[in-house]
Amino acid sequence: MSDSAALSPARIAPSILSADFARLGEEVRNVVAAGADWIHFDVMDNHYVPNLTIGPLVCEAIRPHVDVPIDVHLMVEPVDALIPSFAKAGANVITFHPEASRHVDRSLALIRDHGCKAGLVLNPASSPDLLTHVMDRLDVVLLMSVNPGFGGQSFIPQTLIKLRQVRALIARHVAEGGQPIALEVDGGVKADNIRQIREAGADTFVAGSAIFGKPDYAAVIREMRAQIALADHGAA
Ligand code: DX5
Ligand code: ZN
């Protein structure tokens with residue numbers, strides 16, 4: 001049995017970046033029916049990252065189709081102006097990259113002031129030290145396991161080391177009376193590596209191409225949960 005047996009229940013957060021945008025309402029309904037816990041919503045601005053995706057109007061359009069939390073991952077610079085727009089559009093969780101905000105503490109506070117859960121996203125080369133002075137402002141830490149900007153990239157194995165470091169930081173924070181903080185991982189997550197990602201301490205798993213790239217979403221999510229259960233209870 002690994003340390004992950006003590007973790008909170010796992011969440012699967014399909015990234016709609018790999019969904020069929022011509023049928024987005026149907027896609028999100030289907031993936032929730034297939035067992036998704038959150039919908040991961042990737043916002044790219046062709047400035048902070050070299051790609052351009054979707055904004056608050058699309059969030060508002062899918063909101064009535066699902067009753068699970070919408071997890072908005074902002075890959076935009078600057079950050080603050082979009083926070084109220086996404087909160088109004090029905091976002092439940094809003095995360096952003098600290099390099100993209102001039103005042104990280106203020107942006108985190110703004111997210112909570114608008115009634116959403118707040119989180120920071122660390123790129124592959126960013127240090128967990130960035131979290132130290134804002135732990136009480138965080139509901140989520142999202143670790144990028146690819147460089148942000150595109151779906152379908154390969155998982156960067158170094159992320160496993162950072163996951164263990166951040167899991168330890170969160171455990172210490174909670175042991176000292178702090179609020180719980182979700183530990184989310186994003187990029188290259190598949191059924192065949194999710195077990196080791198769980199063992200390293202993640203509790204929330206973003207997966208885009210692994211789910212939307214297959215015809216049977218429920219089968220992929222079932223297999224992911226089975227692999228997570230092996231991490232939690234040990235293999236025979
Ligand atoms: C990348 C995005 C991810 C991406 C994940 O910048 O933040 O959410 O869609 O896609 P996969 O699971 O295909 O790596
Ligand atoms: Zn993302």
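One-based numbering, in listed order, for ligands and for the atoms of each.
With hydrogens and angles disregarded, no donor-acceptor distance shorter than 3.5 Å links the side chain of Asp105 to the backbone of Val134. Judged by distance alone, the side chain of Asp37 and the main-chain N or O of Ala13 form no donor-acceptor pair under 3.5 Å. The closest donor-acceptor contact from the side chain of Thr204 to the backbone of Arg11 lies at 3.5 Å or more, if one exists at all.
Annotation: protein N, O or S atoms under 2.8 Å of the Zn ion (ligand 2) (waters excluded) comprise His40 NE2, Asp42 OD1, His73 ND1, Asp186 OD2.
A distance of 10.5 Å separates CD of Glu223 from CD1 of Ile228, quoted to the nearest 0.5 Å.
Residue contact check for ligand 1: Phe155 places no non-hydrogen atom closer than 4.0 Å to it. At least one heavy atom of Gly152 sits closer than 4.0 Å to an atom of ligand 1. Put simply, part of Met144 is less than 4.0 Å from ligand 1, judged by heavy atoms.
Nearest to atom 1 (C) of ligand 1 among the protein's heavy atoms is Phe150 O, 3.5 Å. The closest protein non-hydrogen atom to atom 5 (C) of ligand 1 is Asp186 OD1, 3.5 Å. What sits closest to atom 10 (O) of ligand 1 on the protein, heavy atoms only, is Gly151 CA, 3.6 Å. With respect to atom 9 (O) of ligand 1, the closest heavy atom belonging to the protein is Ser15 OG, 3.0 Å.
Atom numbering of ligand 1 starts at 1 in the shown order; those under 4.0 Å from a heavy atom of His40 are 8 (O). Close approach of ligand 1 to Val206 is summarised as follows: ligand atoms under 4.0 Å from at least one heavy atom of the residue are 8 (O). Distances below 4.0 Å separate heavy atoms of Met44 from the following atoms of ligand 1: 6 (O). Contact atoms of ligand 1 toward Pro148: 6 (O) (distance under 4.0 Å to a heavy atom of the residue). Close approach of ligand 1 to Ala207 (heavy-atom distance below 4.0 Å) involves ligand atoms 12 (O). Of all the atoms in ligand 1, the ones that sit under 4.0 Å from a non-hydrogen atom of Gly187 are 14 (O). Residue Met75 has at least one heavy-atom neighbour below 4.0 Å for each of these atoms of ligand 1: 6 (O), 7 (O).
Not one N or O of Leu17 is nearer than 3.5 Å to an N or O of ligand 1, by distance alone. For ligand 1, one of its N or O atoms has an N or O atom of His73 under 3.5 Å away. The shortest N/O to N/O separation between Ser18 and ligand 1 does not fall below 3.5 Å. Considering both main-chain and side-chain atoms, Asp42 comes within under 3.5 Å of ligand 1 through a nitrogen or oxygen pair.
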Derivation of the salt bridge (charged side-chain N to carboxylate O under 4.0 Å, His left out) call for Arg106 and Asp80: CA-CA 9 Å; Arg106 178 184 289 150; Asp80 291 1; 5.5 Å; no
Please assess Leu122 against Leu142 for the test side-chain contact (heavy atoms from CB on, under 4.5 Å), listing each intermediate value before the final yes or no. CA-CA 6 Å; Leu122 299 185; Leu142 171 53; over 6 Å; no
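Counted within 6.0 Å of CD on Glu99, heavy atoms from surrounding residues, nucleotides or ligands total more than 12; the atom is thus considered enclosed.
Between Phe212 and Tyr217, the ring-plane angle classifies as perpendicular under the 30° and 60° cut-offs. Under the 30°/60° scheme for interplanar angles, the aromatic rings of His40 and His73 are found to be tilted.
When each of Val72, Ile16, Asp42, Leu17 is paired with Ile54, the side-chain contact (heavy atoms from CB on, under 4.5 Å) condition holds for Ile16 and for no other. Looking at Leu108, Val140, Leu143 one by one, the single match for side-chain contact (heavy atoms from CB on, under 4.5 Å) with Leu120 turns out to be Leu108.
Gln165 is listed as a side-chain neighbour of Lys162, based on a closest heavy-atom distance under 4.5 Å. In this structure, Asp45 and Leu82 have side chains that are not in contact, with every pair of non-hydrogen atoms separated by 4.5 Å or more. Using a 4.5 Å cut-off on side-chain heavy atoms (C-beta onward), Ile70 and Phe86 make no contact. At a threshold of 4.5 Å between non-hydrogen side-chain atoms, the residues Gln179 and His173 count as touching.
Contacts with ligand 1 closer than 4.0 Å are made by heavy atoms of both the backbone and the side chain of Ser209.
For atom 6 (O) of ligand 1, the nearest non-hydrogen atom from the set Gly149, Gly208, Gly188 comes from Gly149.
In summary, the side chains of Ser101 and Ser107 do present a donor paired with an acceptor at a separation below 3.5 Å, with no hydrogens or angles considered.
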